[in-house]
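Each remark here refers to the structure printed beneath this line.
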Amino acid sequence: MAVCARLCGVGPARGCRRRGAAREQRCGTADSEPDTDTDPEEAGGGGVTEDDEAAERIEGGRPLPPSVVACPAARAPLSLLELPPELLVQIFGSLPGTDLPSLARVCTTFRRILSTDTIWRRRCREEYGVCENLRKLEITGVSCQDVYAKRINPRVKSGRFMKILPDYEHMEYRDVYTCLLHRYRHILGLWQPDIGPYGGLLNVVVDGLFIIGWMYLPPHDPHVDDPMRFKPLFRIHLMERKCATVECMYGHKGPHNGHIQIVKKDEFSTKCNQTDHHRMSGGRQEEFRTWLREEWGRTLEDIFHEHMQELILMKFIYTSQYDNCLTYRRIYLPPSSPEDLIQPGLFKGTYGSHGLEIVMLSFHGKKAKGTKITGDPNIPAGQQTVEIDLAHPLQLPDIENLRDFSELSRIVLEVQEQVRREEQEREQRQEEKEHSQQAASQPASPLRGEGAEGEETAAGAQGTTQDKASASQPFVLPMGVISRNEDYPRTCRVCFYGTGLIAGHGFTSPERTPGVFVLFDDDRFGFIWLELKSFSLYSRIKVSFQNAQAPSREAFDEMLKNIQPLAT
């Protein structure tokens with residue numbers, strides 16, 4: 001009733017009596033016009049605060065008044081303006097929020113109805129997942145406190161939240177939608193920061209009444225099956241009506257002033273305006289020790305490998321110079337199809353002295369590619385670390401012969417030679433086809449080669465391997481192959497020939513070398529690098545990322561091309 005009074009611009013008692021009298025008059029006279037206009041006195045009134053319980057009734061669907069239902073002679077409304085305001089609230093609340101400003105320009109009545117906060121609350125919930133109730137937020141037990149205290153800054157005591165959290169008492173859902181959610185909608189999703197060869201994975205989400213940028217980090221080496229770690233880099237929220245505040249969360253002194261600029265489509269940048277908050281009282285040594293405990297879960301004295309110590313110190317010096325002033329480029333999760341060997345997605349993988357890194361597995365017909373989302377000075381982020389040839393499955397020897405590295409190497413090199421010959425034949429057929437097309441007056445008919453028979457053979461091989469994937473076979477690493485994680489599965493489904501990218505420091509002299517792709521189950525696979533005599537184990541990242549699906553296969557392929565030049 002309070003919402004009805006607010007839309008009519010009068011007090012609840014007076015408005016209901018006048019509207020009830022009007023309905024009775026319409027019921028008595030079937031040919032009379034419905035009372036859709038409000039008096040100037042009513043239109044100019046206002047000042048009644050919306051009641052939450054009434055808003056909930058309107059949002060859930062409010063039945064028509066009994067006086068209207070009991071009038072069978074009353075004619076049906078001819079326009080939207082003749083509908084009850086509470087029904088218009090329901091209708092307008094089901095429309096996309098981007099359409100509501102245009103609707104408000106239609107007439108004064110629509111504009112007045114669209115000022116109802118129930119409509120905007122529904123849009124915030126359905127479009128962005130905001131479940132908080134602005135009218136019931138309290139300092140104790142609200143999700144915003146949980147976001148700040150338990151995930152963003154655990155060192156802040158609960159008694160200080162009165163000074164930290166914004167005042168939601170006078171906040172409107174319309175302000176939340178227009179000044180926060182809609183304004184920054186373009187930065188929601190997955191992003192890769194431009195941090196030289198190291199890259200990264202940023203997930204920007206709506207969390208409560210905040211927009212937070214979470215940096216996802218792999219678990220500590222070599223525990224590849226452990227869950228991902230994450231820390232906040234920035235957050236955006238409304239400290240005042242119609243004014244969004246950007247705060248940098250980097251460092252150990254709590255939130256401070258920051259800035260976000262949307263450079264162009266699928267690209268934005270962050271800047272910290274108070275980098276002194278990133279410094280620690282103990283200087284760079286204390287900052288390095290703190291970073292080392294967070295990044296590696298150990299101290300430098302616990303790392304005995306000298307080369308590994310150099311790599312860690314190099315990464316700290318390189319990454320700390322950015323001070324959270326970074327440029328981000330959008331990345332998409334790979335699209336899937338029923339023919340895929342397993343569900344594509346993001347995986348954590350072991351990379352020797354470089355620790356754990358994030359790799360994106362995607363399928364492209366007869367090929368599967370592993371693209372680095374995080375990288376190292378040898379193979380930077382954005383490069384294709386492994387490529388799997390799904391047309392050439394490998395039949396591993398029995399478990400005893402598999403322990404012999406030379407036997408496995410012989411099998412792989414034979415397949416490598418077969419792949420080389422097939423590529424030469426395909427190139428030769430392509431050249432002959434081009435020559436015949438140039439010589440003939442009519443376009444030459446397609447040659448029967450790799451384009452037809454080869455694809456059928458590859459498809460048949462892939463189908464056969466997928467059928468065999470359900471049956472497990474024993475697996476063990478050959479003697480002499482180094483693995484960071486000895487807790488790898490001892491059974492596998494299927495193996496394929498593949499190539500892995502290796503290079504010198506600074507991505508010098510890159511080269512693709514043969515290897516073995518080993519599929520263990522739906523969430524784990526491995527790769528044996530023959531030349532390095534090394535084994536990498538990959539485990540799926542089990543996080544439900546929102547706003548990360550590629551709009552099309554073409555958009556995903558274009559994204560892969562765009563992130564590779566970043567590293568080079």
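Nothing here was measured: the structure is a model prediction, and the numbers come from that model.
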Do NZ/NE/NH1/NH2 and the carboxylate oxygens of [X] and [Y] come within less than 4.0 Å?
X	Y	result
Glu127	Arg185	no
Lys372	Glu357	yes
Glu387	Lys369	no
Asp276	Arg279	no

Apply side-chain contact (heavy atoms from CB on, under 4.5 Å) to [X] and list each qualifying residue two or more places apart in sequence or on a separate chain.
X	answer
Asp266	Arg330, Tyr332
Phe316	Arg284, Glu287, Phe288, Trp291, Ser320
His278	Cys248, Tyr250, His256, Cys272, Thr275, Asp323, Asn324
Pro334	Pro344, Met360, Ser362, Phe556

Pairwise side-chain contact, [X] with [Y], heavy-atom cut-off 4.5 Å (strictly under):
X	Y	value
Asp521	Arg493	yes
Gln384	Leu560	no
His259	Gln261	yes
Thr270	Val246	no
Ile236	Arg183	no
His364	Arg553	yes
Leu361	Ile342	yes
Arg121	Val130	no

Look up atom [atom1] in [X] and atom [atom2] in [Y], then write down how far apart they are to the nearest 0.5 Å.
X	Y	atom1	atom2	value
Ile331	Trp191	CD1	CH2	10.0 Å
Lys348	Ile373	NZ	CD1	15.0 Å
Ile91	Leu83	CD1	CG	5.5 Å
Asn257	Glu247	CG	CD	8.0 Å
His223	Leu356	NE2	CG	9.0 Å
Ile212	Leu233	CD1	CG	11.0 Å

What's the shortest heavy-atom distance between [X] and [Y], and which atoms?
X	Y	answer
Arg235	Pro255	NH2-CG, 3.8 Å
Gly196	Tyr318	CA-OH, 3.4 Å
Gly382	Gln192	N-NE2, 4.1 Å
Leu201	Pro193	N-CD, 4.0 Å
Val224	Pro219	O-CG, 4.3 Å
Leu333	Leu190	CD2-CD1, 3.7 Å

Without swapping roles, check the side chain of [X] against the backbone of [Y] for a donor-acceptor pair under 3.5 Å.
X	Y	result
Arg123	Leu95	yes
Ser539	Arg524	no
Ser552	Ala555	yes
Asp340	Ser337	yes
Trp120	Leu114	yes

The salt bridge (Lys or Arg N to Asp or Glu O under 4.0 Å) partners of Arg540 (sequence neighbours excluded) come to Asp523
Hey, mind stepping through Ile541 and Phe347 against side chain to side chain contact (heavy atoms under 4.5 Å, CB included) and telling me if it holds? CA-CA 5 Å; Ile541 297 177; Phe347 291 78; 5.6 Å; no
Any salt bridge (charged side-chain N to carboxylate O under 4.0 Å, His left out) pairs touching residues 92-104, not counting sequence neighbours? none
Distance only, no hydrogens: is a donor on one side chain within 3.5 Å (strictly under) of an acceptor on the other, for Tyr351 and Thr385? yes
Side chain to side chain contact (heavy atoms under 4.5 Å, CB included) evaluation trace for Cys243 with Leu238: CA-CA 6 Å; Cys243 182; Leu238 294 182; 5.8 Å; no
Is it true that, when you exclude Glu294 itself, more than 12 heavy atoms of the residues, nucleotides or ligands shown sit nearer than 6.0 Å to its CD? yes
Under the criterion side chain to side chain contact (heavy atoms under 4.5 Å, CB included), I'd like the reasoning laid out for Phe92 against Leu103: C-alpha separation, chi angles, the key distance, then a yes or no. CA-CA 9 Å; Phe92 294 169; Leu103 189 63; 3.4 Å; yes
Assess whether ring pair (Phe, Tyr, Trp, His ring centres under 6.0 Å) is satisfied between Phe525 and Phe520, documenting all intermediate values. CA-CA 5 Å; Phe525 65 88; Phe520 296 113; 8.6 Å; no
Under the side chain to side chain contact (heavy atoms under 4.5 Å, CB included) rule, what do Ile187 and Tyr328 come out as? Steps first, then yes or no, please. CA-CA 9 Å; Ile187 70 171; Tyr328 300 86; over 6 Å; no
Check against side-chain hydrogen bond (donor to acceptor under 3.5 Å, both in side chains), Arg105 and Ser102: CA-CA 5 Å; Arg105 290 193 290 267; Ser102 300; 3.3 Å; yes
Relative to each other, are the rings of Phe545 and Tyr216 parallel, tilted or perpendicular (30° and 60° limits)? perpendicular
